[in-house]
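The next block holds one structure in the form of structure tokens; read it before the comments.
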Amino acid sequence: MRTKFITGAEHLKGLIAAILNHAGARDATIIDNWVISPYTPTPTIIEAARALYQNHSVEDITRHEADKVSTDRTINYILQVIERSKTEKKKSICFVTGVPGAGKTLVGLDVAVKQTYRNGELDKENGAVYLSGNGPLVAVLTEALARDIQIIHRYRDNMLAKIKNPVENGIVEIDPEKAIHLEHTGYGEVEHVAIFDEAQRSWTHKRIAEYLKRGGTYGNKLKVPNFPMSEAEFLIWSLDQREDWAVIVCLVGGGQEINTGEAGITEWIKALNSMFQHWEVYISDKLTDPEYAEGRVNELLQGNKKVTFAEDLHLAVSLRSFRAETLSAFVQSMLSFRSDAANLYKDVSGRGYPFVLTRDMDSAREWLRKQARGTQQTGVLVTKVAARFKPLAVHILAQDDDNAVHWFLEDKTDIRSSNYLEDAATEIQVQGLELDYACVLWDADMRYEDGSWGFYKFNGKNKWNPENNAENQKYMLNAYRVLLTRARQGIVICVPKGNNHLTPEGFPEDPTRLPEYYDGTFEYLKGLGIKELES
């Protein structure tokens with residue numbers, strides 16, 4: 001049973017002392033240590049990153065309720081691999097996994113800080129670079145931190161400027177004349193350690209080859225015909241140019257590939273098995289789960305003699321949703337139609353994490369506004385394939401990093417803020433970031449149909465067409481997986497009613513929003529026991 005206490009400023013000290021005394025704390029009347037203690041409420045990724053750069057450790061910025069999870073344990077393991085690789089002149093790669101919101105990004109940032117700044121001074125020779133393929137995350141963190149966190153594509157293209165071009169006989173080589181005249185950019189020249197956040201989003205060989213054939217949109221816009229590598233292979237190759245030692249840290253989200261051409265973890269493993277067999281591989285013991293490389297990791301690693309499985313490389317508990325450690329498990333079960341989904345929902349809601357359902361967007365907005373207190377952030381989320389939300393007065397945020405920055409960072413007085421609940425962000429803009437309370441607005445792109453999901457894409461005019469490509473279906477399913485795990489404190493899912501009105505001639509008034517496009521999804525979710533809001 002929970003008890004609420006209300007007090008004014010005058011009696012706050014006495015109330016805190018009484019509570020500490022009731023809990024059996026010693027020296028309950030002395031709260032000075034509490035005032036100067038580390039920042040312990042679970043913060044947003046932005047707040048956490050700010051605290052991290054103010055010399056708190058990752059463990060300092062996590063909530064005490066989540067102390068079963070030691071992100072510092074993972075950080076220390078990685079730092080030990082780095083030190084061992086340096087001492088023994090080896091090349092090593094670590095794969096870190098974790099449930100959504102477990103702190104993978106913070107682990108990567110902390111490793112970068114600890115490796116690069118020793119005793120408060122820059123260690124350029126042994127430093128690390130933090131890279132992410134997540135443009136909106138980089139833009140938001142860079143704005144929030146005023147730090148040069150780099151997007152991986154620009155970093156990669158800087159290295160491309162040093163290779164012999166065109167590539168001959170499928171072999172990528174450094175061009176000595178180019179390397180001499182170019183400024184140091186990191187790859188194989190400065191950093192020994194590269195940390196790749198969202199490593200599962202690295203590009204397939206097909207995508208990067210097409211990109212380089214026409215000239216990129218980042219960096220130097222070089223054209224490199226007949227490029228022979230996947231992005232993962234090229235990134236390992238780049239660090240492999242160091243003659244002494246190097247370490248790559250791959251932060252991997254399971255089932256998080258959301259863009260066409262994202263290769264998942266498979267390409268990294270294939271590259272290690274073929275060109276880079278001399279690299280030591282340290283791998284989370286959870287990387288063998290189905291959401292990573294379609295469950296084929298053991299098969300792919302068979303025969304690789306340099307693999308070490310490590311429990312310390314998995315972050316098992318979500319710090320984002322501190323009230324619902326089972327949230328990610330519930331979302332996984334719900335999307336996969338597993339028999340335990342209803343029980344997992346009871347567990348989630350029983351822990352004080354509100355997860356509710358509505359068919360009315362105004363009710364969803366009202367619920368969000370009632371939940372949020374103070375600076376807590378709310379927002380509306382949709383998939384990038386979503387198309388028919390204008391009738392609900394929802395505008396999909398343009399795919400521009402500046403828009404994401406304003407959406408996340410502006411306060412409630414700014415109409416560009418997520419809190420206005422007018423602009424909806426997509427999975428592209430929120431992956432790796434989070435809100436306190438979120439509305440996931442479910443469109444007709446993914447529908448419950450006879451015990452399975454049906455996938456559809458809008459033709460831009462008047463019709464939803466079936467999406468039969470299995471790869472695209474995976475991206476669409478993962479999009480909802482990402483959206484449903486963005487909220488730290490509560491979620492409302494809005495499945496619209498659609499439009500059931502007829503024209504005078506008896507035709508559907510809006511054939512793009514027929515009720516049957518939505519009804520099956522709503523009934524499925526309601527059947528899991530998800531509480532419905534009163535409209």
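Quick note: residue numbers are just sequence positions, from 1.
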* Do Tyr480 and Asp445 meet the criterion of a side-chain donor-acceptor pair at a distance under 3.5 Å? -> yes
* **Test side-chain contact (heavy atoms from CB on, under 4.5 Å) applied to Ser418 - qualifying residues, sequence neighbours left out** => Gln377, Trp407, Leu435
* Indicate yes or no: at least one non-hydrogen side-chain atom of Glu267 is less than 4.5 angstrom from one of Trp203. => no
* Asked: In chain order, what residues pass the salt bridge (charged side-chain N to carboxylate O under 4.0 Å, His left out) check against Lys531, with sequence neighbours excluded?
  -> none
* **Residue list, side-chain contact (heavy atoms from CB on, under 4.5 Å) with Glu311, at least two apart or on another chain** => Asp285
* Please list, chain by chain and in numerical order, all residues satisfying ring-ring contact (aromatic ring centres under 6.0 Å, His included) with Phe355, sequence neighbours excluded. => Phe330
* Asked: Does Glu10 have any side-chain contact (heavy atoms from CB on, under 4.5 Å) partners at least two apart in sequence or in another chain, and if so, which?
  -> none
* Using distance alone, with no hydrogens and no angle criterion, decide if Trp367 and Thr358 have a side-chain donor and acceptor under 3.5 Å apart. => no
* From Leu357 CG over to Ile491 CD1, what is the distance, rounded to the nearest 0.5 angstrom? -> 12.0 Å
* Structure fact -> In this structure, CG of Asp197 is separated from CG of Leu251 (nearest 0.5 Å) by 5.0 Å
* Structure fact -> The reported gap from NZ in Lys474 to CE in Met476 (rounded to nearest 0.5 angstrom) is 14.0 Å
* Asked: Distance under 6.0 Å and angle within 45° of the ring axis: does Arg447 meet both against Tyr456?
  -> yes
* Under the side-chain hydrogen bond (donor to acceptor under 3.5 Å, both in side chains) test, which residues partner Asn500, sequence neighbours left out? -> none
* Regarding Gln200 and Glu198, is there a side-chain donor-to-acceptor distance under 3.5 Å anywhere? -> yes
* Using salt bridge (charged side-chain N to carboxylate O under 4.0 Å, His left out) as the criterion, list what pairs up with Asp312, not counting sequence neighbours. => Arg73
* Non-neighbouring partners of Asp411 that pass side-chain contact (heavy atoms from CB on, under 4.5 Å), sequence neighbours left out -> Thr413, Asp414
* Centroid-centroid distance, Tyr475 to Phe455, less than 6.0 Å -> no
* For the pair Asp519 and Lys526, evaluate salt bridge (Lys or Arg N to Asp or Glu O under 4.0 Å) and give the outcome as yes or no after the intermediate values. => CA-CA 10 Å; Asp519 289 347; Lys526 185 178 178 181; over 6 Å; no
* To do: List in chain and number order the residues that pass side-chain hydrogen bond (donor to acceptor under 3.5 Å, both in side chains) with Tyr77, two or more places apart in sequence or in another chain; answer none if no residue qualifies.
  => none
* For Asp510, check side-chain hydrogen bond (donor to acceptor under 3.5 Å, both in side chains) against everything at least two apart and list the hits. => Arg388, Thr512, Arg513
* **Test ring-ring contact (aromatic ring centres under 6.0 Å, His included) applied to Phe389 - qualifying residues, sequence neighbours left out** => none
* To do: List in chain and number order the residues that pass side-chain hydrogen bond (donor to acceptor under 3.5 Å, both in side chains) with Lys370, two or more places apart in sequence or in another chain; answer none if no residue qualifies.
  => Glu366
* To do: Report the distance from atom CZ of Arg369 to atom OG1 of Thr378, rounding to the nearest 0.5 Å.
  => 7.5 Å
